[in-house]
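Written out below as structure tokens is the structure these notes cover.
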2 protein chains.
Amino acid sequence: MGKRDTDSKGAESPVQFSVDRSSPVPLYFQLSQQLEAAIETGRLAPGSLLGNEIELAGRLGLSRPTVRQAIQSLVDKGLLVRRRGIGTQVVHSQVKRPLELSSLYDDLETAGQKPATRVLLNTTTEATAEVAAALGVAEGAEVALVERLRLAHGEPVAHLRNHLPVGLLDLGTERLEETGLYRLMRAAGITLHSARQSVGARAATAEEGERLGEPEGAPLLTMQRTTFDDTGRAVEFGSHVYRASRYAFEFQLLVRP
Amino acid sequence: MGKRDTDSKGAESPVQFSVDRSSPVPLYFQLSQQLEAAIETGRLAPGSLLGNEIELAGRLGLSRPTVRQAIQSLVDKGLLVRRRGIGTQVVHSQVKRPLELSSLYDDLETAGQKPATRVLLNTTTEATAEVAAALGVAEGAEVALVERLRLAHGEPVAHLRNHLPVGLLDLGTERLEETGLYRLMRAAGITLHSARQSVGARAATAEEGERLGEPEGAPLLTMQRTTFDDTGRAVEFGSHVYRASRYAFEFQLLVRP
DNA sequence: GAGGTCACATTGTCCGGACAATCACGTCCG
DNA sequence: CGGACGTGATTGTCCGGACAATGTGACCTC
């Protein structure tokens with residue numbers, strides 16, 4: 001039978017870590033970042049053992065709880081797996097990034113494309129029943145409305161319609177053309193917390209087809225999203241339409257144990 | 001019991017918790033479950049403070065790290081928010097469930113529908129290049145193939161095609177009609193870890209329309225998914241098609257701080 | 001040789017304490 | 001009256017240790 005090779009354990013790990021106690025960065029965070037970098041660059045091979053926590057702590061001059069905290073954060077990210085009695089090992093699969101609350105802008109940017117934005121509308125309007133329910137305001141109340149066309153390689157990719165509470169944010173049209181909405185919100189001190197999404201599909205109307213360069217009746221990917229900040233306040237309601245021929249949602253998700 | 005002192009905050013913390021030290025269930029887990037139940041039933045109102053950790057620990061006869069571990073698990077679930085200098089409070093928004101690696105079967109079941117499954121195919125086949133790449137086997141190698149039609153209220157909702165490594169699982173056709181694939185895998189001792197998904201849309205072919213009861217060219221929602229267990233092995237590759245007129249993906253997602 | 005048993009290694013849980021960082025709030029001063 | 005400042009409250013980080021639970025592998029028995 002196959003004998004478990006012993007060099008995966010390795011009496012001494014070839015990878016060295018170190019922490020800077022004078023830095024304001026928490027020690028566990030320093031360590032978790034170094035571990036993550038080592039995993040991503042392959043210096044810690046998939047499937048390899050990490051060496052037991054106690055020895056690792058001693059080697060770094062840290063306590064075991066601190067080392068555990070660092071490891072745990074990577075387990076939560078799906079990069080490591082712990083097994084009682086065995087050890088902690090690097091996950092085999094190609095974990096890229098779990099599903100994030102990312103804007104389309106970031107999606108395209110990380111995909112190597114150069115997203116462009118054309119702001120079609122930047123005004124205020126009266127909330128419809130749907131928008132009012134999503135944002136938690138009265139029907140007919142004034143809300144901000146932004147409509148944008150997102151392009152990649154000069155081609156339309158998506159039509160984005162966002163409703164926001166008035167006064168939440170200063171929505172400069174030129175800033176909206178430079179970056180994504182979420183970045184603006186974060187920059188304004190809003191800490192995003194969670195979002196409720198619905199992803200579906202439908203056929204393009206004549207108007208939608210015109211805007212996106214698709215024939216009427218072409219399949220479109222739709223997403224509706226309400227985003228909340230950490231006080232539970234709804235800060236955005238988006239109703240977006242993507243060209244199915246040019247875009248798909250790709251993401252990785254983890255099983256919550 | 002010492003000082004009850006003045007609860008100057010909101011004077012709203014009459015909820016009592018208790019732990020059973022003779023139980024094999026970890027203490028932090030007992031506490032987190034009770035907290036979660038209290039939040040879901042509304043006994044802990046949204047926005048209300050939780051009372052500081054040290055006092056809570058003293059009241060329960062637990063140490064602060066244990067209480068923190070319980071609270072942290074709920075913070076990770078998005079139910080609580082911690083603020084330094086302020087306290088821990090229940091989030092306002094209607095957090096339902098974060099995106100899970102759930103089967104369509106579970107989705108429909110929790111939606112109150114009674115899903116039915118018709119197994120169209122349960123056999124083995126030779127892996128195409130796409131399947132081979134996803135499952136990490138050689139092209140042309142034998143893999144299991146299952147095709148199912150999922151119905152709700154007697155109407156077709158989705159066509160599911162799954163490829164699996166041979167010998168991984170005993171796929172009884174009658175069991176496939178009773179429950180979802182993921183439940184079978186879990187029951188077989190496979191611990192799911194992560195999945196890579198792609199969600200898109202396209203127009204129905206004539207054959208697809210026939211199967212799902214849609215006209216040719218109707219918009220369909222598509223999902224491709226490769227699922228990995230905790231050893232990094234690909235255990236399933238799914239290629240699914242949903243009727244956009246009858247189904248949409250709904251989920252909640254959390255921002256990774 | 002097959003199967004069960006036991007020691008060992010490793011992570012899981014829990015404790016008690018210490019100090020730092022941050023935020024809300026009241027106080028003091030201009 | 002308003003802004004700067006200090007103070008208290010609360011969570012964040014970190015330590016060192018103890019015992020339990022679990023899976024592996026070697027050893028022993030049959």
Side-chain angles (χ1 to χ4, degrees), chain A residues 1-6 8-11 13 19-33 48-76 80-90 189 191 230-231 257, chain B residues 3 5-10 13 19-33 47-76 80-90 189 191 230-231 257:
Chain A
M1 297 304 269
K3 181 175 191 310
R4 199 166 260 257
D5 55 345
T6 51
S8 70
K9 147 101 173 175
S13 157
V19 292
D20 175 13
R21 299 196 87 96
S22 68
S23 163
V25 178
L27 301 178
Y28 78 90
F29 194 74
Q30 292 184 38
L31 177 55
S32 74
Q33 279 191 319
S48 65
L49 274 290
L50 208 58
N52 76 63
E53 299 168 347
I54 298 174
E55 190 241 356
L56 183 57
R59 200 140 45 86
L60 286 168
L62 298 173
S63 69
R64 189 177 163 219
T66 301
V67 172
R68 276 183 67 78
Q69 193 173 1
I71 292 176
Q72 187 60 46
S73 72
L74 297 184
V75 171
D76 291 340
L80 295 177
V81 176
R82 325 180 79 142
R83 286 171 203 277
R84 196 182 273 192
I86 311 297
T88 304
Q89 48 184 322
V90 181
T191 58
D230 57 0
T231 70
Chain B
K3 44 176 120 171
D5 73 40
T6 58
D7 262 339
S8 53
K9 286 299 157 304
S13 184
V19 292
D20 174 13
R21 299 195 88 95
S22 68
S23 162
V25 179
L27 300 179
Y28 78 91
F29 193 73
Q30 292 184 38
L31 178 55
S32 74
Q33 278 191 319
S48 65
L49 273 295
L50 207 59
N52 76 62
E53 300 169 346
I54 298 174
E55 191 239 358
L56 183 57
R59 200 142 45 88
L60 287 168
L62 298 174
S63 70
R64 188 179 165 217
T66 301
V67 172
R68 276 183 68 79
Q69 193 173 0
I71 292 176
Q72 187 60 45
S73 71
L74 297 184
V75 171
D76 291 340
L80 296 176
V81 176
R82 323 180 82 143
R83 286 170 203 277
R84 200 183 271 195
I86 311 297
T88 304
Q89 48 185 322
V90 182
T191 58
D230 57 0
T231 70

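Throughout, a chain's letter reflects where its sequence line sits, starting with A, and its residues are numbered from 1.
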Strand contacts (DNA chain D) in residues 61-74 of chain B, 4.0 angstrom heavy-atom criterion: B/Arg64, B/Arg68
Sidechain-backbone polar pair: A/Gln30 side chain, A/Val25 backbone, donor-acceptor under 3.5 Å: yes
Spacing of B/Leu80 atom CG relative to D/dT10 atom C1', expressed in whole Å: 15 Å
Protein-nucleotide distance (B/Phe29, atom CZ; C/dC14, atom P), rounded to Å: 11 Å
Sugar-phosphate, base or nothing in reach of B/Leu27, heavy atoms under 4.0 Å: sugar-phosphate
CD-CG distance between B/Gln69 and B/Leu74, expressed to the nearest 0.5 angstrom: 11.5 Å
Interatomic distance where CG belongs to A/Asn52 and P belongs to C/dC8 [whole Å]: 16 Å
Nearest-0.5 Å distance, CG of residue A/Leu27 to CG of residue A/Asp20: 9.0 Å
DNA chain D: 5'-proximal contact among B/Ile54 and A/Arg21 (nearest heavy atom): B/Ile54
Gap between atoms CD and C1', on A/Glu53 and D/dA21 respectively (whole Å): 14 Å
Interatomic distance, A/Ile54 atom CD1 to A/Arg64 atom CZ [nearest 0.5 angstrom]: 5.0 Å
side-chain N/O A/Tyr28 vs D/dT13 OP1/OP2, d < 4.0 Å: yes
Check: A/Thr66 and A/Leu31 side chains under 4.5 Å, non-hydrogen atoms: no
Distance, nearest 0.5 Å, that separates CD1 of A/Ile86 from CG of A/Asn52: 13.0 Å
Integer-rounded Å distance: D/dA9 C1' and B/Leu56 CG: 16 Å
Close side-chain approach of A/Leu62 to A/Arg21, heavy-atom, < 4.5 Å: yes
Table of protein N/O atoms under 3.5 Å from nucleotides 4-7 of chain C N/O atoms:
none

Distance in Å, A/Arg68 CZ paired with A/Leu56 CG, rounded so as to fall on 0.5 Å steps: 12.5 Å
Heavy-atom pair of closest approach, residues A/Ala70 and A/Ser32: O-CB, 3.7 Å
Rounded distance in Å - CD (A/Gln89) to C1' (D/dG23): 13 Å
Return the polar atom pairs (N/O with N/O) between nucleotides 22-24 of chain C and the protein under 3.5 Å, or none.
unit_1: C/dC23; atom_1: O4'; unit_2: B/Arg84; atom_2: O; d: 3.3

pair A/Ile71-A/Leu80: side-chain heavy atoms closer than 4.5 Å: yes
Contact under 4.0 Å: B/Arg82 side-chain N or O vs D/dG12 OP1/OP2: yes
Salt bridge present between B/Glu53 and B/Arg82 (N-O < 4.0 angstrom): yes
